[in-house]
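Accompanying notes for the structure given below.
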Amino acid sequence: MRYWLMKSEPDAYSIDDLARDRVTPWTGVRNYQARNFMRDQMRVGDQAFFYHSNCAEPGIVGIMEVARAAYPDETQFDKSSDYYDPAATRDNPRWVHVDVRFVKKTPLVSLAELRAHPELARMRVLAKGNRLSITPVDPAEWKFITERLM
DNA sequence: GCCAACGTTGGC
DNA sequence: GCCAACGTTGGC
């Protein structure tokens with residue numbers, strides 16, 4: 001089983017939205033690296049941190065799990081969607097996503113706190129200039145955060 | 001709102 | 001295949 005960190009802007013979709021929906025399709029990823037993580041490495045049962053980005057208090061706010069393996073993102077075919085991709089076809093979809101299931105809300109572990117711990121210094125999400133919305137989390141990092149910071 | 005960093009596009 | 005221009009991300 002692998003561990004992940006997945007970003008969402010809370011104005012668009014927050015941990016409270018997931019707590020209400022319980023399961024949601026993680027649509028709208030339009031970055032090849034992030035897509036490849038979902039397509040090639042994510043398996044049902046993998047666990048992920050829910051991270052609020054581009055907001056007043058960026059950081060980890062909850063835990064979720066992969067509920068369904070990657071399948072084509074319907075929004076790529078929808079001309080009215082912001083995520084419409086004219087290059088994608090039903091026969092040859094370009095974008096896929098997993099479904100995620102709510103596990104729990106957690107106390108906020110802020111970006112500043114993540115940066116404050118040397119044990120977490122190598123986290124991909126903390127790398128300079130990182131913009132990837134989905135990044136792997138090492139088991140040791142997951143254990144440190146869940147056991148020491150929550 | 002600013003802007004550094006990054007990914008993508010497209011002309012050549 | 002190069003790379004300048006452009007658009008997006010996301011912390012601050």
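Proteins come first, then strands; the chains are lettered A, B, ... in the order of their sequence lines, and each starts at number 1.
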* Please name all residues satisfying side-chain contact (heavy atoms from CB on, under 4.5 Å) with A:Y71, sequence neighbours left out, ordered by chain then number. => A:P25, A:R68, A:H97, A:D99
* **Residues that A:E65 engages under salt bridge (charged side-chain N to carboxylate O under 4.0 Å, His left out), provided they are two or more places apart** => A:R101
* Name all residues meeting the salt bridge (charged side-chain N to carboxylate O under 4.0 Å, His left out) criterion together with A:E74; count only those two or more places apart in sequence or in a different chain, and write none if there are none. => A:R90
* Between A:G129 and A:R94, which is nearer to the 5' end of DNA chain B once each is assigned its nearest nucleotide? -> A:G129
* Who pairs with A:R30 by salt bridge (charged side-chain N to carboxylate O under 4.0 Å, His left out), at least two apart in sequence or on another chain? -> A:D73
* Asked: What is the nucleic acid contact for A:Q33, judged by heavy atoms within less than 4.0 Å: base, sugar-phosphate only, or nothing?
  -> sugar-phosphate
* Structure fact -> Judged by nearest nucleotide, the residue sitting upstream toward the 5' end of DNA chain B, A:Y32 or A:K128, is A:K128
* To do: Under the side-chain hydrogen bond (donor to acceptor under 3.5 Å, both in side chains) rule, collect the residues that match up with A:D16, sequence neighbours excluded.
  => A:K105
* Asked: Which two nucleotides bound the region of DNA chain B that has atoms under 4.0 Å from heavy atoms of chain A, read 5' to 3'?
  -> B:dA5 to B:dT8
